[in-house]
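One structure is given below, encoded as structure tokens.
Chain letters run A, B, ... following the sequence lines, proteins first and then strands; every chain starts at 1. Both backbone and side-chain heavy atoms feed into the values below; hydrogens, waters and symmetry mates do not. The model shown is predicted, which means the values in this text are computed figures rather than measured ones.
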Amino acid sequence: MKQFWKSMLGSPSGIIGLVILLLAVAVALFGPMLFPNSPWRMVQRPFLPPFTLGTVPLGTDALGRDVFAGMIFGARVSLLVGLVSTLVALVVGIPIGAMAGYFGGRVDDALMRFTEFFQTIPSFALAIVLVAILQPSIYSIVTSIALVSWPPVARLVRGEVLSLRTREYVQAAIVTGQSHSWIILREILPNALSPVIVLASLMVATAILLESSLSFLGLGDPNLISWGYMVGAGRTVIRQAWWITVFPGIAILISVLGLNLIGEGLNDALNPRLSREGR
Amino acid sequence: MLSFITQRVLKGVIVLLAIVVLNFFLIRLAPGDPAVVMAGEAGASDQVFVKQLREKFGLDKPLPEQLFIYVKGVITLDLGFSFRQQAPVAKLIGERLPATLLLTLTAFAISLMLGVLFGSFAARFAGTFLDTAITVFALIFYAMPIFWVALMGILLFSVTMDWLPSFGYETVGANLTGPGHAVDVAKHLIMPAMTLGLFFMATYTRMTRASMLEVKRLDFVKTARAKGLSDAVIQRRHVLRNALLPVVTLAGVHSGTLIGGAVITETVFAWPGIGRLMYDALLQRDYNLLLGVFVICSAMVLIFNLITDLVYRLVDPRIEFAS
């Protein structure tokens, strides 16, 4: 564990990523308490340029709503959707991959055909169709994102389990008559976790991008403000008011960048063999 | 080679059929009775009309029979009727398909060429300032949402500098023909294609760099060096060729994302392709059209995957087709 933190904090990408993530989490948790301006309420005249009033630092949108407040409240939605949909994708993908890798044969064939099928479907198009049909809400968004992002998890876990299964300690557990579920849960999965953690951190980033794209197209939860929605709303008035689209986009960029950097840092820390050359 | 192609085509057809079946159930998931929804979309919802619709589309028949009728329809390229646009879905998609192909293929070509170029530069000069600069840029482009890149492009190149048109496929009312028309379309194409290409360019840059550094360490590269081959020849013929394999695989995996990106790009730039059509269908909750576009997108991804599979076999020096 000490070794892990040492190499995680030793790489510049790991540190920058961690700092960005901690900041984003802090904003999402405490921001709304410190800046209680509701992102939906009209606080100033419409199209107030940024950096003119201290109370509304990033200006207002077409309806006189505080852009800064929107960004702070939007952090909650982005991080929450990213995190929860990734967790759901893990809950779907890990068992499928573990069963395919552990049992092999027909089970493996069937589960992998199923996974490949889902991987072939264009994911963003499927997410659009699902959210449109289930009606936009935070639940349908999380469900759709999870549904299009679990296949890589299943494939990764399958590969790991496939190689761990032949190890002697697993063979020993089989010989001593342990149940399949005990072997999978207690012997194999804990050893297959590190690549899954790396993948998960990258999946949170992708999920945030997916959510913002859905919200941008008008498929966001109508009761929650999100960065993608703000950019989408500012799109039609971009010639008059650049700040409405620029700032929320920067928020998305920074959070996704932070998570990708963490992914790289984790990769170097957890899989030292695969760490990149030339640094 | 031939048996490989038939096998892959067969597999693709099976997957496509499965997607069509999935599509059928997705339509049934849509809120409300399809006949009532259709009647509503057509603007009249009295009982007689709803009953007529139900009979016309076989909605009064049992579910398996409906499924059979639907699959049969899709096979004969009948994707249903869009009441909002008052036209068959297949016709609407057919009209828009060329624009989407032009956009996605241009974006794909740009991203692959620039990505491999930058990636191999970074790998060649690994550890230097150039490498760091390329890596940082790739990381940033990789984290930018496509819709935002599109809007920033408009803000910079259309609003501020007034270099490029911000929307559409051609200048409305200009009635250009021949080379003039081609130049006009190309001008409109630059920004959407670059926007869509940028994200993938970043991906290919990272992949090419990582993969080239991996291959560089292998024994056959040492052999080549021992033979006294020049650095440039080793990079191009030995390292790059082998390093391209994972890049090609990635291109296949990404075809679905490319289509998804096209939906966003076409929406922002009002590019008249099937992505924009999907957005319109979405706004009007035109489910027949929405799912029709979805099936065609899936078919495009399957075809693209098939092509990348073939390219992979052609590029891979270890696979021989002669046998």
Next on the checklist: Let's test your reading of the structure: which of A:Pro248, A:Ala125, A:Gly232 forms the most heavy-atom pairs below 4.5 Å with chain B?
Outcome noted: A:Ala125
Item to check | Residues from residues 233-241 of chain A approaching chain B under 4.5 Å (heavy atoms) | outcome: A:Arg235, A:Ile238, A:Arg239
Checklist entry - Which of the residues B:Ile14, B:Leu291, B:Val159, B:Ile19 is involved in the greatest number of heavy-atom pairs with chain A at under 4.5 angstrom? => result B:Ile19
Checklist entry - Looking only at heavy atoms, what is the nearest atom pair of B:Leu139 and A:Leu257, with distance? => result O-CD1, 3.6 Å
Checklist entry - Checking A:Glu116 against chain B: side chain, backbone, both or neither under 4.5 Å from a heavy atom? => result side chain
Next on the checklist: Quick check on the interface: out of A:Leu130, A:Ile121, A:Ile208, A:Leu217, who has the most heavy-atom pairs with chain B under 4.5 Å?
Outcome noted: A:Leu217
Next on the checklist: Quick check on A:Val131 against chain B: is it the side chain, the backbone, both or neither that has a heavy atom closer than 4.5 Å?
Outcome noted: neither
Next on the checklist: Quick check for you: to the nearest 0.5 Å, what is the distance between A:Trp242 atom CH2 and B:Thr160 atom OG1?
Outcome noted: 10.5 Å
Checklist entry - Relative to chain B, which of A:Gly228, A:Gly258, A:Ser213 shows the most heavy atom pairs under 4.5 Å? => result A:Ser213
Checklist entry - With only heavy atoms counted, which part of A:Ala205 is less than 4.5 Å from chain B, the side chain, the backbone, both or neither? => result neither
Checklist entry - Which pair of non-hydrogen atoms, one from B:Ala18 and one from A:Phe117, has the smallest distance, and what is that distance? => result CB-CE1, 3.5 Å
Checklist entry - What are the two closest non-hydrogen atoms of A:Leu126 and B:Leu26, and how far apart are they? => result CD1-CD1, 4.3 Å
Checklist outcome for this item: Okay, A:Pro136 and chain B: the region with an atom under 4.5 Å from a heavy atom over there is side chain
Next on the checklist: Please output the residues of residues 257-266 of chain B in contact with chain A, using a heavy-atom cutoff of under 4.5 Å, in numerical order.
Outcome noted: B:Gly260, B:Val263, B:Ile264
Could you list the donor-acceptor pairs under 3.5 angstrom formed between side-chain atoms of residues 300-307 of chain B and any protein atom two or more places apart in sequence or on another chain?
{"residue": "B:Asn305", "atom": "OD1", "partner": "B:Ser255", "partner atom": "OG", "Å": "3.4"}

Next on the checklist: Which atoms of A:Leu219 are under 4.5 Å from chain B, going by heavy atoms: the side chain, the backbone, both sets, or neither?
Outcome noted: side chain
Checklist entry - So do B:Tyr287 and A:Val129 actually touch side chain to side chain, heavy atoms under 4.5 Å? => result no
Next on the checklist: If I measure from the heavy atoms of chain B, does A:Leu210 come under 4.5 Å with its side chain, its backbone, both, or neither?
Outcome noted: neither
Next on the checklist: Rounded at 0.5 Å granularity, tell me how far CZ in B:Phe25 sits from CD1 in A:Ile133.
Outcome noted: 13.0 Å
Checklist entry - Should the heavy atoms of other residues, nucleotides or ligands under 6.0 Å from CZ of A:Phe47 be counted, would the total exceed 12? => result yes
Checklist entry - Just checking heavy atoms, which of residues 143-154 of chain B are less than 4.5 Å from chain A? => result B:Ala143, B:Met144, B:Pro145, B:Phe147, B:Trp148, B:Leu151, B:Met152
